[in-house]
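A quick write-up on the structure given underneath.
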Amino acid sequence: MSEALYQQALKALAEAAHGAGRLDDADARVRLDNPLCGDRITVHLRMAGGRVAAVAHETRGCLLCRAAASAIGRRAPGLTPAEIAAAAASAEAQMAAESPPAPAWPELEAFRPVRGHPSRRGCVSLPFQALRQALGDAGRRT
Amino acid sequence: MSEALYQQALKALAEAAHGAGRLDDADARVRLDNPLCGDRITVHLRMAGGRVAAVAHETRGCLLCRAAASAIGRRAPGLTPAEIAAAAASAEAQMAAESPPAPAWPELEAFRPVRGHPSRRGCVSLPFQALRQALGDAGRRT
Amino acid sequence: MTGAAALRGQFPLFGKVPRPFHYLDSGATAQIHASALEAMQAFDTTARANVQRGTYPLAEAATGAFEAARGRVRRFLGAGPAEEVVFTAGATAALNLVARAFGETLAAGDEVVISVAEHHSNFLPWLQLRDRAGIVLRVLPVGADGRLDLAALERVVTARCRLLAVTHCSNVTGAVTDVEAIVAAARAVGARVLLDGAQAVQHGPVDVAALGVDFYAFSGHKAFGPTGVGVLWGRGELLAGLPPFMTGGGMVGEASLEGAEWLAPPARFEAGTPPVAAAVGLGAVLEWMGGLPWGGIRAREAALARRLLDGLAGFPGLRLLGPMDLECRAPLVSFELAGLHPHDIAQVLGDRGVAVRGGHHCARPLLAALGCDGATRASLALYNDEADVDALLEGLAAAVRILS
Amino acid sequence: MTGAAALRGQFPLFGKVPRPFHYLDSGATAQIHASALEAMQAFDTTARANVQRGTYPLAEAATGAFEAARGRVRRFLGAGPAEEVVFTAGATAALNLVARAFGETLAAGDEVVISVAEHHSNFLPWLQLRDRAGIVLRVLPVGADGRLDLAALERVVTARCRLLAVTHCSNVTGAVTDVEAIVAAARAVGARVLLDGAQAVQHGPVDVAALGVDFYAFSGHKAFGPTGVGVLWGRGELLAGLPPFMTGGGMVGEASLEGAEWLAPPARFEAGTPPVAAAVGLGAVLEWMGGLPWGGIRAREAALARRLLDGLAGFPGLRLLGPMDLECRAPLVSFELAGLHPHDIAQVLGDRGVAVRGGHHCARPLLAALGCDGATRASLALYNDEADVDALLEGLAAAVRILS
Ligand SMILES: Cc1ncc(COP(=O)(O)O)c(C=O)c1O
Ligand SMILES: Cc1ncc(COP(=O)(O)O)c(C=O)c1O
């Protein structure tokens, strides 16, 4: 059971930590806490032409949270806010549905075993929430 | 059961309302509430030579409370504080013990059936408490 | 199977206490339905763990049961998102929460309107607030039949009014508040409305959306559920703007001497370990209530109340409190009987197996307004029947004999 | 029959949840003992009525059961008159009660001392008070092993100090407070002492008289009792001088717009219908606890804690929090494991039937002081045995494998 959750793909994704770090010229920065466990992420976002130009994140969290942040670091650049929203929804669907549709990003498949652990969904959602909030902030500025 | 509690002697005692009224020249006046039922008694007390010279009471209460006040109105005059304390203890004993000792005042026998109704003891105790508080107040003044 | 006898069979206590037993004190505490007992027992023996933060299966089960209960309360109230449902220790705790948290958003000179018919639990917290924060407390009077004097709204509700906090149903007169009039008066000046639903919930599900109010408070134990749990429902955007009342574990993010980041509602208002088992029990019983045929039950309750009112009217020297029109009163009847003290009446009735309550019913301002020193109250619920009413009337005749 | 297995048999949950099951989260919520379940069930099905003012036999039975429970709490605490026992919704509610009621007797500039080791429930209410009333909040630091730094008492406790509010036992480090030193420091300046006993009561009866403190707070659910009930004990003369916290039914005599006459304690602090069934359940379980051979149980708990500490010490990169001396620590062990997140550890353990908790344990100031982002905690109780400890250690080895 734990072995399924903490499969190699998930751990590798977390370890890779795509996008870890800061952006000095960000259009928006959002810090979010998961109050229930104290995990924390800060997402830095730069936009260009209605698309994500660059994204970075500082993440203190469990493997699930770090893996989700890493997936974002890898896939978000170049996408539109709508595409990000779809990916976030897809991540939720992976964790909620018995036989979920194919994931928006291949990495999201790693979150399927979270389905058996409702208390952990928030760990995966946190980075997506932070990113979407950052997109909102950046959108309002322009 | 109710017939035993509300025996003729008790009702007659309450109706008699010995001592009902006020004392204009009281040494002490104590108002006590039974917060649980809203009953209220004001005891007026005059002392002379270490004994109760006169007692009066304004009582708004149930039959048990009124009967106890009436017993006091009838018996307290002429007694010392120690004798009042003994009577109060005797009233409690009538309500608490399976075969209580003979009552300090014959009227107190009417309170024996209260034993089966712990929630009603306070109704009988209230006038005694007020009287004893008045004795204390009067004592402190002299 | 929703006649009184069939329903009574679902309340274990009725099978266990000595007979005769006629329970006419549901307004103080209703008996507990089997569904609540079973849900609590199941929770405590198969899913008990703290609901905050646990990841092991038992903790997930506990959190799941607790949040499912929240969803059930939401449905019972016809409310929006479950996050608008705050579990408290009871109606009193819920009302204190609003008085403190909403109270902190008020400035000296702001006005709160209550009615003279309020239970102490929706009166004293506002009195405290008045004395602490310098708000102005205005009181809506009642008419001779105990109904709120709506004609006075215009005078009492001023432009400075920020909240009307009134009972949904009086625990003394049974008078049901004309909520529409209250809400209209509040909206006209931009004020909020809090309803004290403690006496309403045992007579069927509520629809806070249709009522149009902003806060709604009630207790589990009066809704056939457990003691030790209650509910405050509040509009999401309102709750989000309030500071916490109690503070402690489970309602804060960052916390240091520099300050604390309160979590969003409902967590913000649920400091400490909540009454988890009782909340689960309440959820179960509200779910059961949601499936009952309330049209028929309410008609039966009203017919019993009619029988009771008619029977009481035959006693010489008896004064009935509250409106006579059963359209605007809950099946709850208080009365005074000249020369007889309510506690003596309740005693004689109790000795004959008829459970009623005598006294001021935690509503001293109302009793004073009605010129009444104390009253005897019989409150009906879905498990009562004609035999209960008749036993009360016979017992009262006996009380008159025995006490005079 | 007071070995762990025999005791475990008295907790219904252990017979019902799937195995393997190793419950090591009693510090969050202990499992409930059969005596509490039975007492609550009996109350709800044979004695349920409101405890305020009823005169019929069921109401007398309810009041009798409730007040008997108060007497049992009194005995468990070694307290004086039962009137010193106030039933609350939990430890958090009890601590908020003191912060508000005692807080109202303080003036700006008065000082309250807490420690950095406090649970949020004994930290945030004082932070609120500071921000609201301008009192000065002073914080006693801890040493590297998490024990209160008593040498700092002299500096922290000044002549303006009115109250020291500290934990009896830390829920993170297990460190047991040297109460004598705290009381001496308080007495020297005429201050009062409040102990947060939430983590102490599950390890045996308390003696507030011997401890010499003024207030003591705890929760039922951590003492093998029900959720939704807690206790504030306070010295009679102190309680008598405090204003109420919450207000409502059952705690007032006269009440009108002119003002209200608060009843004497404990009623003054029990506004509204109390958590009657839960209080009765708590009374039953504390009575049961009072009959246990605590010398033997405490020795067994300490031996298990030793086994756990020794086993954990063998893990590379593992940092144990708290004192190593079991004389001054409860059987509760928190640790950090380099590179592994507490929630991932707790997850792997949970999946293997070992229930532990990971996170900041509602004690952020303490974790910050110890330089720790989050910890995994195993807390032992009288029903645990070697198998539980060994399962944890094996599970941790598996977690290291699975997570790295
Ligand atoms: C109208 C009303 N409001 C509030 C309350 C307080 O409810 P509780 O005592 O359950 O907190 C009651 C119950 O007595 C009530 O009848
Ligand atoms: C030391 C300490 N104090 C206070 C509390 C709060 O207890 P409760 O959540 O039951 O109100 C806890 C429990 O989490 C605790 O461990």
Side-chain angles (χ1 to χ4, degrees), chain C residues 12-13 16-17 25 28-29 31-32 37 44-46 48-50 53-58 89-93 95-96 119-121 124-125 127-128 139 219 221 226-229 246-249 252 255-257 260 271-273 275-278 343 346-347 350 355 357 359 362 364-365 368, chain D residues 12-13 16-17 25 28-29 31-32 37 44-46 48-50 53-58 89-93 95-96 119-121 124-125 127-128 139 219 221 226-229 246-249 252 255-257 260 271-273 275-278 343 346-347 350 355 357 359 362 364-365 368:
Chain C
L13 181 129
K16 299 207 175 191
V17 295
D25 199 21
T29 284
Q31 292 306 328
I32 191 167
L37 288 171
D44 270 338
T45 60
T46 68
R48 173 165 152 128
N50 205 302
R53 278 164 302 273
T55 57
Y56 51 86
L58 199 70
T92 300
L95 295 164
N96 276 270
H119 187 279
H120 290 166
S121 292
L124 297 172
L127 201 67
Q128 269 185 309
V139 182
S219 279
H221 71 101
T227 50
V229 67
M246 294 207 247
T247 54
V252 75
S256 74
L257 278 176
T273 305
V276 191
H343 277 100
Q347 180 74 55
R357 192 153 292 243
C362 298
R364 293 205 190 221
Chain D
L13 181 130
K16 299 207 175 191
V17 294
D25 199 20
T29 284
Q31 291 307 328
I32 190 166
L37 288 171
D44 270 337
T45 60
T46 69
R48 172 165 154 131
N50 206 303
R53 277 165 303 272
T55 57
Y56 52 86
L58 198 70
T92 300
L95 295 163
N96 276 271
H119 186 278
H120 289 166
S121 291
L124 297 172
L127 200 69
Q128 267 185 312
V139 182
S219 280
H221 70 101
T227 49
V229 67
M246 293 205 250
T247 54
V252 75
S256 73
L257 278 177
T273 305
V276 190
H343 277 101
Q347 179 75 55
R357 192 154 293 242
C362 298
R364 293 206 189 220

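All heavy atoms count here, side chains included; hydrogens, waters and symmetry mates do not. Proteins come first, then strands; the chains are lettered A, B, ... in the order of their sequence lines, and each starts at number 1.
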[X] versus [Y], closest heavy-atom pair with distance:
| X | Y | value |
| --- | --- | --- |
| C/Thr247 | D/Thr92 | O-CG2, 3.4 Å |
| D/Val252 | C/His120 | CG1-ND1, 3.4 Å |
| D/Gly249 | C/Cys362 | CA-SG, 3.7 Å |
| C/His221 | D/Asn50 | CE1-ND2, 3.7 Å |
| C/Tyr56 | D/Gly350 | CB-CA, 3.8 Å |
| D/Thr227 | C/Pro275 | OG1-C, 4.1 Å |

If we define contacts as heavy-atom pairs under 4.5 Å, which of [options] has the most with chain C?
| options | value |
| --- | --- |
| D/Asp25, D/Val17, D/Thr29, D/Val276 | D/Thr29 |
| D/Gly272, D/Ala355, D/Pro365 | D/Ala355 |
| D/Val229, D/Leu127, D/Leu95 | D/Leu127 |
| D/Gly54, D/Gly90, D/Ala278 | D/Gly54 |
| D/Ala89, D/Ala346, D/Ser256 | D/Ser256 |

- Identify which of C/His119, C/Gln347, C/Arg357, C/His343 forms the greatest number of heavy-atom pairs closer than 4.5 Å to chain D. C/Arg357

- chain D shares the most heavy-atom pairs under 4.5 Å, among C/Ser219, C/Gly248, C/Ala49, with C/Gly248

From [X] atom [atom1] to [Y] atom [atom2], the distance as rounded to the nearest 0.5 Å:
| X | Y | atom1 | atom2 | answer |
| --- | --- | --- | --- | --- |
| C/Met246 | D/Met246 | CE | CE | 4.0 Å |
| C/Leu13 | D/Leu58 | CG | CG | 5.5 Å |
| D/Asp44 | C/Gln31 | CG | CD | 8.5 Å |

Side chain, backbone, both or neither: which part of [X] has an atom under 4.5 Å from a heavy atom of chain C?
| X | result |
| --- | --- |
| D/Ala277 | both |
| D/Asn96 | side chain |
| D/Val139 | side chain |
| D/Leu257 | both |
| D/Thr46 | both |
| D/Ala91 | neither |
| D/Ile32 | both |
| D/Gln128 | side chain |

- Message: What part of C/Ala271 gets within 4.5 angstrom of chain D, counting heavy atoms only: side chain, backbone, both, or neither?
- Response: both

